[in-house]
Every structure is written in structure tokens, then in C-alpha cells.
K.L.:
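Okay, here's the structure, questions in a sec.
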Amino acid sequence: MAISTSNINWENITKKTQLNFFIVGLAILASFTVHAKNIQIFTDVSKLVGINFTHQNGMNGNLYFPEVVSGGGALIDYDKDGDLDVYLVQGGVLVNVEMTSKNQKLGGRLYRNEGVDPKTLLPKFIDVTEESHIQSFEYGMGVAVGDVNNDGWPDLYLTNFGHNQLWLNQKGTFIDYTETAGVDDVRWSVSASFGDVDNDGDLDLYVGNYVDYKVSAHKNCKRSGGKLDYCSPKSYKPVSDRLFLNNGKGVFEDISLKSGISKHYGGALGVIMADFDGDHQLDIYVANDGVPNQLWMNKGEGIFENEALLAGAAVNSQGMSEASMGVTAEDYDDDGDIDLFMTHMENESNTLYVNDGSGWFDDKTTEAKLAQSSLPYTSFGVAWIDYDLDMDLDLFIANGAVILDSVQEKQGIQFPLNQMNQLLENEGNGQYKDISVGQDFISISQKVSRGLLVGDIDNDGDTDLIVTNDNAQPQVLLNNKISKNHWIGFNVTGDLAEVAAIGTTITLKIADKKSIVRRSHRDGSYASSNDPRILFGLNKNVNAQSIDVEWMDGSHERWDALVVDKYHLIKKGTGTKIK
Amino acid sequence: MNLNNRRNVTLWINKLFLSLILLTNSIYLFAMDIPESVNVDLKGMSSDFVKKIEEIKSKIRKFPADGDVKVLAEIYGNLGMHYQSTQLKDAASESYKIAVGNDPENAQWLYLWGLIFQQKGHLDDAEVALRRSYELKSDYLATLAHLGEIYIKKSDWGQVKRVFTLLYKQEKYEAISAEALGQVAFEEGQFTKAIEYFKEALSRQPQANRIYYFLAQSYKKLGDKQLAKESLEKRGEVGPFFYDPLSAYVDSLNNTARKMFIKGFESSKKGLYVEALEYYNQGLKLSPKDVELLTAIGLVNEYLGNDEEAITFYKKALNINKEDGNALYNLGVLYEITGEINNARELYNQLLITQKDNVNALVSLSDLEFRKKNYSIASKLFAMLQKLSPNISQIKIYRAVSLLASGNCPWGRNILDEGIKVEPTNGNIALLLSATLAQCSDDEGLKKARALVNQVYSSAPSFQSARFAAYVLAFVGNFEDAIVLQEQAMFEALKNGGLEQYPDLSVNMKRYREGKKPDWNWQAYAIEIAKPVPSRKGK
């Protein structure tokens, strides 16, 4: 006999069965509700924290090149009160060389972090630019942070389309130290990085320069279909980068020629320093727009050799140069060496170079599932972060086009280059999954993103983000810490504070489990400077067995029995020395 | 061949989705309006192109509601091809979508649609379209080649191997197949095999210099750093090309003389001169009086060894525009090479009348006058060059030597004095200055000359510096030291080919031993030390 519902005798069904049906029904309803609204990983608190800043690129329809390249920012504890303050780069007017942002009352802004408001639980910022005495009215590009005179106060180096500036921090107020330091560069500079390249105890400076562009010599470039558009860097000649050596007192010597770094150059947009071959000397990686990148290996005594092609880090796996913009460097696979990830234009995938330990790299972009997800986007700022504190490195990418989008133009959008940013989760096996969909902070606010500032802004043990947007307001993204995982953080310092910290690596050992390696640095991303503290996610682990700190001079120290869910000050010379 | 051995869920879903889209579009199209997505703004395009597009659109508007859908597909496909020829990818994609919707069994529209997806980075869609196209028309091998490129981008090495193994023995696809199979071997860890494939690819298409990068990585894996470095020095970014007449046809739809010039120029840069000539000639058919094309044809003929043809085309260009800089310069150089010095000189001078700062002309003319020993004229030309390029030491040296050779010692010395201040370690300038001081100076100058040669010889001992230092020391009466250095110079000369090349060495050694000043034309030596200024000479 065929079974039909009319044959079911509901009275004979047990109460337990009825309850089971009810529970299942509820579960189905609940899952529908959950999937209708994804859990938000970050919250955009831009309008709530007091950073009332709008980047202005000065666009007037002429499609001047710098409009589409600016700008970054910095996280810097300029007043040394234990929380991260924010410096944001401003664009300006490009009508002619003489007419600067000063006339328009524009200029970069410094925001002091007043700490977390106990009522709102949000950090509060106030604009302290005037009282800081910083006056940066050039057309801004990026920022590098470093203590150039070893007085314990972090200084600001501003890269510009125009004169660069070094603002020396004198206990909370700044003076223009550019001329004294000898670090001006009138060429178009974008990214810069401080690091002790000669291991003499002071911070040296690498400045990445872009192309030889002048507003007066602007070219009208066309895209397919004959319409005017922003030019590509190939329309202009690249200009060489600069390497400045610090004499210990904040006065620099230009060793670009002597060091060898002026031999190869090509439109630098991203710069990062790291010890790629484990010889305790900082090397320099330069991401170039449209030409092979450079890997300047430090040979000692101020000499560098470009080994990018041989090392496999100059071009993609097909031997082709890409339009490289931003770059980040971390030990992504926890094998004790520094890997590279850089961002590119649409139709060029972003690229993951995995270090084999000797400073040679293999392109593993496709294996890591990072290729296809990046093809529709032009990517700039980038950072490896452990957003969910599960002990592996995820990726956040700031996207924004450089070619006018015809659909957005038809919609009347003033700066029609908006794109969605991306959050890519490390699935624990070195492969990534794009989890951007359903995240309001990504889908609702699509801008022309450029810089990415990474750090724990509210000091609650997770990584927050500030995304700088071209010709728009920045996004301040606070991490909602949805995972409830444990963490441990380290503020690395030494006798010469900053100098000792940069490049230092910490290997965290968790009982019977893996080791994770992270390093202290401010540079990377795009035209930005970040929180130098090291933050480890611990997943559910409540015990961090020990840390092995490897300083840049090759010495090792250990710290044991560390309390989790807090920041620790790691000062050179205060740990247990180990071989 | 059956490629359908590997089916995966993603592809099936994509195919179903594709079919749904096509069905929706084909139903829509019976209305015969032109969809907004293919009605793009053509501002900025050439009037010929706009006219062509309007003609096609007019056919669409007039298409009868009960007309043959395959004919409609043809019209939309034609529209797509025109859009594709100008890189209007979105409009082209929409046009092909409609074409395929009306004629889903047409391999050509699927193929071109697949190429658009590939260019836009939509690899999955590209794969679906191209696989379907290949199923319908498996004798169009370019489809396989493009599929192979997609699989390379996806790092699907199993599929790469299958596809390029099929193509490997096909004529006109050997190089690209060898390159791809080399990459497969590399991924499989068979680096020696990879090198064999890469070398084969290069032997078939030597201009495909991106293969050197793969070669370098393979040598690196085998531990041969030296060969890796040597390969990297030859590296470029030109990949192997393959036969794809349909794409070439699409490309030709928006041919302008300018486009042909660019294509010819690109081919010429790769060393493909015959191909370059074809493009240039096509361009000339469209624009017979294009001076740039005529000059370019002249240059390519030079590279091919057809000097007479080259001269003919340069003259044609100059008949249209007698002041064209490229034609004047190129013809001048060709006349120089063929020995017609007066003609060359005339052309360079003509060019400098309209473009007084034309560096190429100045370099060539000054070099010509110098070699013809017209030192007075040469020195004036070098002076003009020096104004344009004040930091190039070779120009300074040439200018100084020209002045010295024409008997103008003080001026020559002044230039060298300035030169040595700016470049204190430039050995050539130091040696020349020391000789000048020795020849036409006072005692103070002689002391300076001796100091200079000692400095140069001690910092960079070489045949030239030893020979010259001996000369100057003997000139100022220091015969003992001169003999020591002359011996050194003779020793070096013996190592490098014998004393016969430098008869002055033995002659002067005899004189030094007799306590006599050197018998030597120091001006000839100065000229010898001034290395040739590079110019575009020869092929």
C-alpha cells in the first residue's frame, strides 16, 4: 500500500518525536536568520571617534596623475602615552607648482588618541595638528615613522609629490628637520621605510620614488574606446630611489650611488625592509609599478645588490612584470623565514612569494588560492593580520581602481574608481578564502582605497585597521573580536628603543603545539606606517610556553611563563640569553 | 580528441547557468531593439569606425521579427568583433552573448567570447566558452592554445600537459607548446627536461625572450647559479606567438595607419623585420603619404640589408617633408656607412638647421668631422654637444682633443682642467691633461703633469697608463722612471697581441735609454685615447 500523508496518524506519534520536529524546525528557522545577516568582523566607527578628515585629491577634470596615487597615513604613539595616534596624509591642488595646499587650508592632520571612552567603549581622537606644529602643505603621498635621533620619540617622514619632509618629534611637538637631516627629495616619492641597514645603532632611510611627472608636462592618455583616462606609469620615465645613511644624530648622508641602489629602479610604490636571508642584516624589497621589482640584498658596509630576478621575486611565475603597488612581509607559513605578498592591478593577480629560507622565493599564489579572487581588483594597501586570533595570518586588502569605471561614470559618481576591499581568511593550511561577502564594512562603503594602517587602536588585544581613501574619508575599523580567542602581545624595545625593535623576530612556543614567528616593523602596506607591536593569536590556548626573541645583532633571549591576554614589554638584555 | 574526460561540478554549473542566460537573451531579442549594453558611446573613435558600427546597428534595427536567428547572430557577432578590435571589451562581450544566444552551435562566437573573458580575467567563464567552441570545431587549434594559457594561469598543470601535448607536434604551435611543457616539467621537478623544452622553444622563436626567465629558474633549481645569471641577462617579456588568424582578422577591423605603424614597430623591436615590413606596407596602403611609415620602411630595409630600397624610401619621405628629422638622420647615417661622406654631411647639417639641438645629428656630424681630421669644425660641434650634455665626460674629452689637435693648446687644457675638477678619478682626462701640460705648459704645469701620471698609474695600472706615464716622465726628463714604466707597457703589449701594434714603444724605449725625449705624436695618442662616441651605425 502506498504511503501518503493522509495515512499518518498524528496521535500515534510520540511527544518526543513531536519535540524533535519542533527543534528541527526552529533550527532551520534560526539558520535562515543567521545567514540572512552575517556576523560582522569589523565595525566601521569612522563617524564616532572624532577623525573628521576628508582626503582631497584636487581633481578638476584634467586627470592629473598624482590624483589617483595619493595617499597613506601612519599609526604613531607620538606622545608616548601608550596608545596609537593617527597621522593622515592630505592631497591638495595641482593646478600649478606654486599653488600649494597651504592656500586651500589643507594639509596632513595629526589626531591624538585620548584613550577608550568608558561609556562608548570606543577610542576618542582629537585633531592636534596645530599644537603639534606640523605644517605639511605639499601634495602628500605617504608616511614613514622612526626615531631618527634616538631620543626615544618617534619622528615622521612625509613623502610628497614635491619636497619630502622630516618632522622631528620634540616630546610631543615637532620641528621641520628636513634640511638639517639632509633628507629632502623633490622627486615624486610614495613609500619610505626606516631601518638600521648598517647595524650601527641608528635608523637609516630608504625612499621609493615613482616617475618623472610634472603638471606642466601632463599628457592626455586615452583608454580603449578613445576616452581620456588617467595615464599609466609607462607614459613617464621612472626615477631612482634614495638610500640615506644616518650618522647617529639624525643627520643623513645620501649613499644611493655608493650603495648600488641607483643601478636599478622603476616606479617604486611599495617598500619594505626585512632580513630575507637570515644573515641579520636588513634587506630591502621594492615593489615597482609595471617593471621588475627589486630585492636589494644587504652585503654589508652599505653595499646592496639587486637579486630579485635570480631570487624569483622580481616578476610573476610567467616571467612578466606586474603593476606592483603595496607589499607586506611576514612568516606566513611559520617556517622561520620572511615571505612576501604584494598587490597588483586588475587582471593581474596579487602575488605570494614564499621564501625557501635562503632569500630565494617561489610564486605560490595559485596554490594559496589567492589568484582568482584578486583579478577583478586593483589593489593597494595590504597587511597580513590574524584578525580572529586563530594563530594563522589572514589578509586584508585595500582596493581602488586607477582606470575610470564606465558604469560608475554613467551613475554620475564624481571619482568613479570605487572598488570593494577584501578580507581573506587563512583556512589553516596556507590557503585563503574570500570572506568579504556579507561584511557591511566592506560592501556598504566602497571607495577608492589606498593606504592600510594596521594596529591595536583600542589596546584590546586584536588588530584594528584604518583604510585611507582617495578623495574621501578614511574608514576606522574596530575589530569585534568575534572569536573570543586568547592572545598575547609584545612591545619590543632596547637601549636604543626603536632601532633594536625593527626587524626583531619573536618565536612563540605553545606547549606541545606549534611555534609561530612574527616580527616587529612599522613599514609595508602602501605609503603607510603601522603599529610595531607584535600580536599573537593563541586560539583557545591559555598558556604561552615561552618566546624566543632574535635581535637583529643575532643574539637570542628567552622569556618564559607569560600571562596571556595582555601586552608585555620585551626589553633587550632583560631576558635569558640563549644560543 | 575528447577533452571531456575531466568534468567537475563547477563547470557543469557554469554551463547550466550559461545556457539559462543565453535562453533569456534569445527570447528578449525577438523585440529587435538594440540593448543598452551594446549601444556604447563612440565619442573619440574614428569616423570610419563609427560609420561601420552604425551600419551594423541599422541592420539589427531592420531585422525582421521572423528572420533567421543565425543571421541575427552573425550580425551581433560582427558587432562584437568590431568592438573587440578597439578593446571595448564589455560591449564586445555583450554582443557575443547575444550572438551565442541566437546560434549556440557557432564555434566562432564562443571562441571570441572566450577570449574576451580571458582578457578580463574571468577564467572560469573563458574556460567554459572555449571548451564548448573546441567541441564544436576541433580543427581550430588556437582554441586549444588559449585554453592552455588559462590552465597555466590556474596552475592546472595536468590540463596544461594534456592540451600542449596535443599541440606540440602541430605546425605553428611548437614554440608555445614547448614553453608550456617546459613549465609542466619544471612543476614536476624535472628541471633538466624543462631546460630541454625551453631551449627548443627558443630555437624556434629566438625573440621569445621571456623563456630565458624560465630557463634561469630551472638552472637555479639545478644549482647552476652562473647559467641562471647568464640566462637572466637575456631575459625580456616577449612570449612566443602562435597562429590565430581569427584574432588577427578581428584586429584588422580597426586598422589605421597609426595602428599598423605601432604593430610594425613592435615587430621590429622583436627583430621580426619581415613581419614589420608587412605591417608598415599595410599602413602605407591606408595612408600612402605617411612620412613616418615611409621612414620606418626605409629603416627596416636597412636592417634587411636592402640599402638601395632604404635610400629610396627615405628620399620618398623627404620629398613629402624635406625637414623630417628621422628621414634626414637615417639617410645621413646610411650615406656615411656607404661612404658618401659629403652627402651625409649635407643631411646632418640640414637637420641641424631646423633642429639645432638634435643630439643624434650633432653626435654623428662631430664624430664624422673628427674622423676626417677636421678638428676645428669638430671642436665647435663638440662644444654644442657639451652644452646639451654637460656631464658626459667623453664629449669633453673629444672636444679637448679636437682643440689640441687643431693646435689650440690653451683651450684644450682649460677643458681638461675643468674636467679633472669634476671627475678627479677619470683616468683618461688625467692622462690627456698630463700630456697637454707636458707639451704646452710651463714648469709648474710639468710638475702637475708628473703628479697626474703617477696618480693615474698607481691607482689604475694598465698598458695605456704605463705607456702614457712613461711618455710624460721622459718628456720632463725623468728617464729612469720612464724606462721602468715603458718596460711595463711593453710587457702588457706582448701579453695582448704583440709589440707590432705599438711601434712607438720600441722606438721610444731606445730614446729613453739614450736620454732623449720621446719621438711620438702625442696628439695621435690623444685621439687614440678618446673612445668612439656611440651612434646608430651598422646593422
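In what follows, every chain begins at residue 1, and chains take the letters A, B, ... in the order their sequences are listed.
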K.L.:
Measure from NZ or CZ of Lys219(A) to the centre of the six-membered ring of Tyr236(A), then state whether that distance is under 6.0 Å and the direction lies within 45° of the axis.
P.N.:
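Yes, a cation-pi geometry.
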K.L.:
Check for a donor-acceptor pair, side chain of Asn355(A) on one end and backbone N or O of Phe276(A) on the other, with a separation under 3.5 Å.
P.N.:
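Side chain of Asn355(A) to backbone of Phe276(A), a donor-acceptor pair under 3.5 Å: yes, one is there.
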K.L.:
Please work out which of the three classes, parallel, tilted or perpendicular, describes the rings of Phe261(B) and Phe265(B), given edges at 30° and 60°.
P.N.:
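Ring orientation of Phe265(B) relative to Phe261(B): parallel.
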K.L.:
Name the member of Ala314(A), Gly319(A), Pro292(A) that forms the most heavy-atom pairs with chain B at distances under 4.5 Å.
P.N.:
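Answer, by heavy-atom pair count under 4.5 Å with chain B: Gly319(A).
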K.L.:
For Glu237(B), is it the side chain, the backbone, both or neither that has a heavy atom under 4.5 Å from a heavy atom of chain A?
P.N.:
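Glu237(B) touches chain A through backbone and side-chain heavy atoms alike.
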K.L.:
To the closest 0.5 Å, what do you measure between CG (Asp405(A)) and CD1 (Ile413(A))?
P.N.:
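It comes to 8.0 Å.
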K.L.:
Check each atom of Gln119(B) against the heavy atoms of chain A and say whether the ones under 4.5 Å are side chain, backbone, both or neither.
P.N.:
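The backbone, not the side chain.
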K.L.:
Under 4.0 Å between a Lys/Arg side-chain N and an Asp/Glu carboxylate O for Glu127(B) and Lys154(B)?
P.N.:
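Between Lys154(B) and Glu127(B) there is a salt bridge, with a charged N closer than 4.0 Å to a carboxylate O.
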K.L.:
Heavy-atom pairs under 4.5 Å with chain B: which of Pro376(A), Ser321(A), Ser349(A), Ser317(A) has the most?
P.N.:
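Most heavy-atom pairs under 4.5 Å with chain B: Ser321(A).
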K.L.:
Which residue out of Arg210(B), Lys220(B), Arg235(B) racks up the most heavy-atom pairs below 4.5 Å with chain A?
P.N.:
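Option with the top pair count is Lys220(B).
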K.L.:
Below 4.5 Å from any heavy atom of chain B, which atoms of Glu346(A) appear? Answer side chain, backbone, both or neither.
P.N.:
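Contact with chain B is absent: no heavy atom of Glu346(A) under 4.5 Å.
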K.L.:
Would you say Val211(A) and Phe65(A) make side-chain contact, with heavy atoms under 4.5 Å?
P.N.:
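Yes. Closest side-chain heavy atoms under 4.5 Å.
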K.L.:
Less than 4.5 Å to any heavy atom of chain B: does that hold for the side chain of Asp362(A), its backbone, both, or neither?
P.N.:
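For Asp362(A), the contact with chain B is made by the side chain alone.
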